Engineer: 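Pasting a structure here, questions to come.
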Amino acid sequence: MLGILRQKVGAGSSSAMILGQSMQRIRPTTSALRAFSSSAKEMTVRDALNSALDEEMSADPKVFLMGEEVGEYQGAYKISKGLLDKYGPDRVLDTPITEAGFTGIGVGAAYYGLKPVVEFMTFNFSMQAIDHIINSAAKSNYMSAGQINVPIVFRGPNGAAAGVGAQHSQCYAAWYAAVPGLKVLSPYSSEDARGLLKAAIRDPDPVVFLENELLYGESFPVSAEVLDSSFCLPIGKAKIEKEGKDVTITAFSKMVGYALQAAEILAKEGISAEVINLRSIRPLDRNTINASVRKTNRLVTVEEGFPQHGVGAEICTSVVEDSFGYLDAPVERIAGADVPMPYAANLERLAVPQVEDIVRAAKRACYRSASLAASA
Amino acid sequence: MHQWMRKSGTIVNHFKSLLLVTNNLSSWRSYSFVKRSQFAASFAHNLPVADRDFINSSTHFCPRRFESVKSEKIANNVDDNQALELPEGKVKFTPKLRFISETADERECCYRVLDENGNRISSSNYVEVSKEVAIKMYTDMVTLQTMDTIFYEAQRQGRISFYVTAAGEEAINIASAAALKIDDIVFPQYREAGVLLWRGFTIQEFANQCFSNKADYGKGRQMPIHYGSNKHNYVTVASTVATQLPQAVGAAYSLKMEKQDACAIAYVGDGGTSEGDFHAALNFAAVTEAPVIFFCRNNGWAISTPTSDQFRSDGVVVKGRAYGVRSIRVDGNDALAVYSAVHAARDMAIREQRPILIEALTYRVGHHSTSDDSTKYRPVKEIEWWKMEQDPVTRFRNWMENNSWWSDKAESEARNSARKQILHAIQEAEKVDKPPVADIFTDVYDSPPSHLCEQEKLLREAIKRHPQDYPSDVPL
């Protein structure tokens, strides 16, 4: 239905190392484009991340990048392209394959005052190192009473890609967002990618930066302001991608694109949806979400991760706590299926949210179709 | 060395002038000989004035001191036709079907300078220690012993919740600290309070932490003995086992990038070497050529697990070679041996930009912690033997007395003074207020985010509404 095109991208000579690197192309959301500047300049998310890294490394000699394949290979997804040549092997470090090792080393370097950017080939691999992310990075500032701050960025692709099965298709937003001491960001567009990565690198606290493999090759219009090397986005602020008055849809990462497509379909049926791009999962911009719900009186949350204790659950709680009286309909939660990701393409498609799921949920919230509760 | 030079041009320039050739041992020997005065001078520069004399007058660096076994340089005289060319060098072929033995013919020796009676073994080569430094080492060992005894008792009396002693490992604590410089970054496990003591952390500061009052640098956020002090370059103790090892490599890598004349040192117990972090750290340290010392206190017991159940290798020292890390085994109850080994390790780590592994053999004379009764799983006789026959403090004292640097009078003065100071510090620490409400919320992030400010506001309002339900020992 989306005209999904699966295309293997040549992963070079050592393709065996990169599990099913693939791209999924989503039809450009033309309505979203108008929200950006009228400038014709476009940039892929990959180039946005690459230029943000480049500019921050250039601006601050304390910033360095480490991870598997980030140097000679230019990154499993080419995010670090050209950086080894420019900054040399001291600042673009190819590491042995031990996530717990290089994450611990990154944390130690941050203790001492460097600003490491640790790349996980995918966030699925960060589980090998989660002790260092949670017990060391997130807690050290508190446990040392401010004596040791940990200015570090953990970044890499997160969530479902395409055709890589249960162990490589998981969203970690809710996992890391549950931990005090961490900040968790998840960009959607090139503007997000540039502005948020720069903010993450400059931030004095540890930041988990969740990218999406399927967005790397997507192009988005970018304004001159976004391209300026001083550009930076605030952490903890969501962005209203599309204003609307009938229903609020919250989403992050790839799901923002789906939400925008859903909004377009809904518009044709006379429903005006407001799409919030969360950008920051922790801190969560409760004010923007609640203000929107108080205006639209309806809420649909969208995420690719598992439903239980997920980002949607937290947003729902926030709205129940702060804006319960404003709700005109039950909150609708769209999430990945509560199963490990199946490999077969037909089942995989069913296990992650699709645009029509969002459309249906929004209609239910607006009482334009039978609610799930009513049909049960 | 070659690979590192290829990888890091900028750092190479810095060290080119210092580092000549390390490819064969003879030039290494002559190097250490020629450069020793220069090195000694730079070392002395960082010591208090009173300590400098010992460097100039009495330190003699034996030329054979840093020799490492020859086999660590892989022989390169392989016939090209009979060898495999691999990225890390050539490998010879053999027609023999032969497996490498799981054990060496002999166990790795243990370096020792003082015998059990504190007499110096005449053939030993070691780094000499001046009278002033030796006296500070000994008095710090006495203070550490006394502090452990009194704090342990305070825990038994219910005045603090938890404590860990360094009993039996006083020489490891103090002598390793004495061989380092204050710029070296310490990543402790948890049985190294003596390192912090040597660096000038006061008895009162120890007491404030254990009693988690508001003067504690950790603001009462961690269990007793989780000390940390920025100004002493002592990273806050973490309760997790072995995570400090890769972190130390990261800090060492930072020192390398900034071309600092310093190293990182990470302490770990024998049990900690079974953690994945130990292996990751050694491998990464070798590959990144980071100036870091891994100091393993092999005290025989990981809580109730003896080393025979912990690993089947010849202890920890042999694991260095598997990762390409130079290593030494040392008698952990011999302060002079520990001092010399760490001194030499530090020198090599910084000058050659390489990691070093030290395994110190010792015995945990105390229980693992106050939550443990070790007589349940090991013979009291064994504990007593180590306590009475192998005590590192007594051994060092005997050596001091042999040198006429210590007397019974000095002994009773040192012990009395330590005891008085510690009892006083405990009384003072108990009088100080506990951490205030605000300390729950600060330092989660560099600056408090809005949701935490909101929570603090709500808490304060709740306290205002229900003052009678609010505990009186938390200052507002």
Side-chain angles (χ1 to χ4, degrees), chain A residues 61-62 64 66 71 88-91 93-114 116 128-129 131-132 135-136 138-152 180-183 203-206 235-236 282-287 318, chain B residues 6-11 185 187 216-222 226 228-231 235-240 242-258 264 266 275-277 279-281 283-285 287-288 290 292 435 439 442-447 449-452:
Chain A
K62 286 183 179 303
F64 75 102
M66 68 191 305
D90 285 350
R91 293 182 65 197
L93 248 84
D94 277 325
T95 68
I97 308 175
T98 321
E99 278 75 14
F102 64 75
T103 307
I105 281 155
V107 170
Y111 279 1
Y112 180 73
L114 294 187
Q128 306 273 343
D131 189 31
H132 282 286
N135 266 325
S136 304
K139 297 177 187 172
S140 286
N141 197 50
Y142 192 75
M143 295 197 318
S144 70
Q147 291 187 88
I148 304 171
N149 73 333
V150 192
I152 190 170
L182 290 180
K183 291 174 179 171
D203 198 86
D205 295 313
I235 291 176
R282 182 186 186 90
L284 188 63
D285 188 353
R286 293 166 207 271
N287 291 343
S318 172
Chain B
R6 181 179 63 76
K7 284 175 72 177
S8 50
T10 51
I11 294 172
I185 306 170
F187 285 78
D216 164 28
Y217 298 137
K219 299 186 185 168
R221 284 172 185 153
Q222 289 213 79
H226 289 60
S229 172
N230 259 5
K231 79 174 177 221
V235 176
T236 306
V237 173
S239 306
T240 45
T243 50
Q244 73 277 15
L245 301 176
Q247 289 165 6
V249 180
Y253 188 76
S254 310
L255 293 168
K256 179 187 180 104
M257 274 180 83
E258 297 190 350
E275 287 280 3
D277 275 343
H279 302 272
N283 190 43
F284 273 79
V287 171
T288 55
V292 56
D439 282 351
T442 53
D443 305 316
V444 180
Y445 296 95
D446 190 59
S447 53
S450 58
H451 74 279
L452 286 183

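Just so it is clear: chains get the letters A, B, ... in the order the sequence lines come, proteins before strands, and each one is counted from 1. In this text, all values refer to a predicted model and were calculated from it rather than measured experimentally.
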Engineer: Which pair of non-hydrogen atoms, one from B:D439 and one from A:Y142, has the smallest distance, and what is that distance?
Structural biologist: O-OH, 3.5 Å

Engineer: Kindly give the heavy-atom pair with the smallest separation between A:Q147 and B:S229, and that separation in Å.
Structural biologist: OE1-CA, 3.4 Å

Engineer: If you measure from OG1 on B:T236 to OH on A:Y111, what distance do you get to the nearest 0.5 Å?
Structural biologist: 8.0 Å

Engineer: Using every non-hydrogen atom in the two residues, find where A:T95 and B:F284 come nearest and quote the distance to one decimal.
Structural biologist: CB-CE2, 3.6 Å

Engineer: Which bit of A:L182 is near chain B, if near means a heavy-atom gap under 4.5 Å: side chain, backbone, both or neither?
Structural biologist: backbone

Engineer: Would you say that B:E258 contacts A:L114 through its side chain, given a criterion of any heavy-atom pair below 4.5 Å between the two side chains?
Structural biologist: yes

Engineer: Of all of B:D446, B:V249, B:V235, which one pairs up most often with chain A through heavy atoms under 4.5 Å apart?
Structural biologist: B:D446

Engineer: Measuring from atom OG of B:S447 to atom CG of A:D205, what distance do you get when rounded to the nearest 0.5 angstrom?
Structural biologist: 7.0 Å

Engineer: Would you mind checking which part of A:F64 comes under 4.5 Å of any heavy atom in chain B, side chain (CB onward), backbone (N, CA, C, O), both or neither?
Structural biologist: side chain

Engineer: Return the CG to CD1 distance between B:L245 and A:I105, rounded to the nearest 0.5 Å.
Structural biologist: 10.5 Å

Engineer: How far does NE2 of B:H451 sit from CG of A:L284, to the nearest 0.5 angstrom?
Structural biologist: 9.5 Å

Engineer: Considering only heavy atoms from C-beta outward, does the side chain of A:R91 approach that of B:M257 to under 4.5 Å?
Structural biologist: yes

Engineer: Checking B:S450 against chain A: side chain, backbone, both or neither under 4.5 Å from a heavy atom?
Structural biologist: neither

Engineer: Please give me the minimum heavy-atom distance between A:G101 and B:P246, naming the atom from each residue.
Structural biologist: O-CB, 3.8 Å

Engineer: To the nearest 0.5 angstrom, please state how far the OG1 atom of B:T442 sits from the CG atom of A:N141.
Structural biologist: 9.0 Å

Engineer: In Å, rounded to the nearest 0.5 Å, how long is the span from NZ of A:K139 to OG1 of B:T240?
Structural biologist: 9.0 Å

Engineer: Can you give me the closest heavy-atom contact between B:Y217 and A:A145, atom names plus distance?
Structural biologist: O-CB, 2.9 Å

Engineer: Tell me, out of A:P116, A:G113, A:G181, A:P180, who's got the most heavy-atom pairs with chain B below 4.5 Å.
Structural biologist: A:G181

Engineer: Which heavy atom in A:Y112 sits nearest to a heavy atom in B:I185, and how many Å separate them?
Structural biologist: CD1-CD1, 3.1 Å

Engineer: Residues two or more places apart in sequence or in another chain: which of them pass salt bridge (charged side-chain N to carboxylate O under 4.0 Å, His left out) with A:D131?
Structural biologist: none

Engineer: Hey, is the main chain of A:P204 close enough, under 3.5 Å, to the side chain of B:Y445 for a donor-acceptor pair?
Structural biologist: no

Engineer: Quick check on the interface: out of B:D216, B:N283, B:L255, who has the most heavy-atom pairs with chain A under 4.5 Å?
Structural biologist: B:L255

Engineer: What part of A:K183 is in contact with chain B, defined as an atom under 4.5 angstrom from a non-hydrogen atom: side chain, backbone, both or neither?
Structural biologist: both

Engineer: Could you tell me which residues satisfy side chain to side chain contact (heavy atoms under 4.5 Å, CB included) with A:S318, sequence neighbours excluded, listed by chain and number?
Structural biologist: A:R286, A:N290, A:D322

Engineer: Are the side chains of A:H132 and B:D277 in touch, meaning some heavy atoms are under 4.5 Å apart?
Structural biologist: yes

